[in-house]
Amino acid sequence: MANNTRSVLVVGLGRFGSSVATTLDMMGQDVLAVDKDGELANRWSSQIPTVQADMTDVMALEQINASDFDTAVVAIGDSVEASVITAGNLLDAGISDIWAKSVSKEHARILQRIGARHIINAETDAGKRVGHLVSGNYLDYIELEGAYNVVKIHTPAHVVGYTIEDARVHERFGITVVGIKSPGKEFEYGSKELIMHRNDELIIMGKQNQIDRFLRS
């Protein structure tokens, strides 16, 4: 599976937004972070590409060429009105893949109605996890205590048609295939004789660098 690089606009550099933006940047995604607060924008500018702008202003979107981005994350948490207007402006600019943070059920419902594709519960979805999901490489991502993570991915092309044993995934990459979910079938634990098919969902566990190597081989 090739590295899925995309351009992502992150609006809002609070604790959540900055975590999403820095995670995407560390993963090699083309990310631009925006905040209307000049102090916040300046604070993060040495770590990630950052600009100061108010995304409720349509002119500001045009100035940063917002329509050129594949994906946008609306991480505004201090104003429901600013969040909804920003999401609407980004949709109008032609960005269909919108991830928007919600602070209440009512906020989430409004975001869904205007067309935000992914609604993020600010209380339960950590910024780092969302960053990994936005990157498009993972179907799901769980960070465990210590160095290991559990992720759900589609079968990488280089192991399609192989059993877990024949592909030697643990010996070559250090990861463990916990289980496989094939379309229309029940989940199966990762026994060595299981064959990994193209559209299967694999649950794998390993260190981040091991998982990345397995995906990109």
Side-chain angles (χ1 to χ4, degrees), residues 1-10 12-33 43-50 69-73 75 97 99 101 118 120-160 162-181 187-192 194 196-217:
M1 180 183 293
N3 183 29
N4 188 2
T5 302
R6 63 184 63 195
S7 56
V8 185
L9 181 66
V10 179
L13 277 169
R15 185 182 304 171
F16 179 82
S18 60
S19 179
V20 172
T22 53
T23 297
L24 287 165
D25 186 64
M26 286 187 295
M27 294 179 69
Q29 304 297 314
D30 181 14
V31 60
L32 176 66
R43 182 188 307 169
W44 287 101
S45 61
S46 62
Q47 299 183 47
I48 49 177
T50 307
F69 287 85
D70 301 317
T71 300
V73 179
D97 190 27
W99 298 65
K101 169 185 173 181
H118 309 277
I120 305 156
N121 185 317
E123 294 183 354
T124 60
D125 290 324
K128 187 172 182 180
R129 175 176 179 269
V130 171
H132 280 282
L133 296 180
V134 169
S135 75
N137 289 332
Y138 305 134
L139 302 172
D140 205 351
Y141 174 93
I142 302 171
E143 185 177 16
L144 303 178
E145 289 291 332
Y148 288 86
N149 301 319
V150 176
V151 303
K152 179 164 68 173
I153 61 171
H154 282 127
T155 307
H158 64 94
V159 294
V160 168
Y162 290 90
T163 66
I164 294 173
E165 181 178 38
D166 289 343
R168 299 173 55 242
V169 293
H170 187 71
E171 293 87 342
R172 293 169 60 202
F173 304 100
I175 66 158
T176 298
V177 178
V178 178
I180 298 177
K181 175 68 171 66
F187 175 86
E188 296 182 85
Y189 288 101
S191 57
K192 61 184 181 180
L194 274 184
M196 296 173 283
H197 301 99
R198 184 173 303 280
N199 293 319
D200 288 350
E201 295 178 355
L202 308 185
I203 309 296
I204 65 174
M205 182 175 70
K207 296 179 181 178
Q208 190 62 55
N209 64 326
Q210 296 169 334
I211 293 170
D212 290 342
R213 193 164 66 249
F214 179 61
L215 279 167
R216 295 169 184 170
S217 291

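Since the model is a prediction, treat every value here as computed from it, not as a measurement.
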Shortest non-hydrogen contact between [X] and [Y], atoms and distance:
X      : Y      : answer
Ile120 : Phe16  : CG2-CZ, 3.5 Å
Ser191 : Ile164 : O-CD1, 3.4 Å
Ile211 : Gly206 : CD1-O, 3.5 Å
Gly12  : Ala75  : O-CB, 3.8 Å
His118 : Asp97  : NE2-OD1, 3.2 Å

> Sequence neighbours excluded, which residues qualify as side chain to side chain donor-acceptor pair (under 3.5 Å) partners of Thr163?
Replying inline: Asp166
>> Once side chain to side chain donor-acceptor pair (under 3.5 Å) is applied, do any residues pair with Asn199, and if so which ones, sequence neighbours excluded?
In response: none
Interatomic spacing from [atom1] in [X] to [atom2] in [Y] - rounded to 0.5 Å:
X      : Y      : atom1 : atom2 : result
Ile204 : Thr155 : CD1   : OG1   : 10.0 Å
Lys181 : Leu202 : NZ    : CG    : 12.5 Å
Glu165 : Glu171 : CD    : CD    : 8.5 Å
Ile153 : Ile175 : CD1   : CD1   : 6.5 Å

> Hey, is NZ on Lys207 packed in by over 12 heavy atoms from elsewhere, all under 6.0 Å?
Replying inline: no
> Around Arg198, counting heavy atoms of other residues, nucleotides and ligands shown, do more than 12 lie under 6.0 Å from its CZ?
Replying inline: no
>> Testing Leu32, Asp25, Thr71, Asp30 one by one against Val8 for a side-chain contact (heavy atoms from CB on, under 4.5 Å), which residue passes?
In response: Thr71
> Would you say Thr23 and Gln29 make side-chain contact, with heavy atoms under 4.5 Å?
Replying inline: no
> With side chains defined as the heavy atoms from C-beta onward, is the minimum distance between His158 and Phe214 less than 4.5 Å?
Replying inline: yes
Partner set under side-chain contact (heavy atoms from CB on, under 4.5 Å) for [X], not counting sequence neighbours:
X      : value
Arg213 : Phe173, Asn209, Gln210, Ser217
Asp70  : Arg6, Ser7
Ser18  : Leu13, Trp44
Thr176 : His170

> Met196 and Ile180: side-chain contact (heavy atoms from CB on, under 4.5 Å), yes or no, with the steps?
Replying inline: CA-CA 8 Å; Met196 296 173 283; Ile180 298 177; 3.7 Å; yes
>> Applying side-chain contact (heavy atoms from CB on, under 4.5 Å) to Phe187 and Glu201, what does each step give before you reach the verdict?
In response: CA-CA 9 Å; Phe187 175 86; Glu201 295 178 355; over 6 Å; no
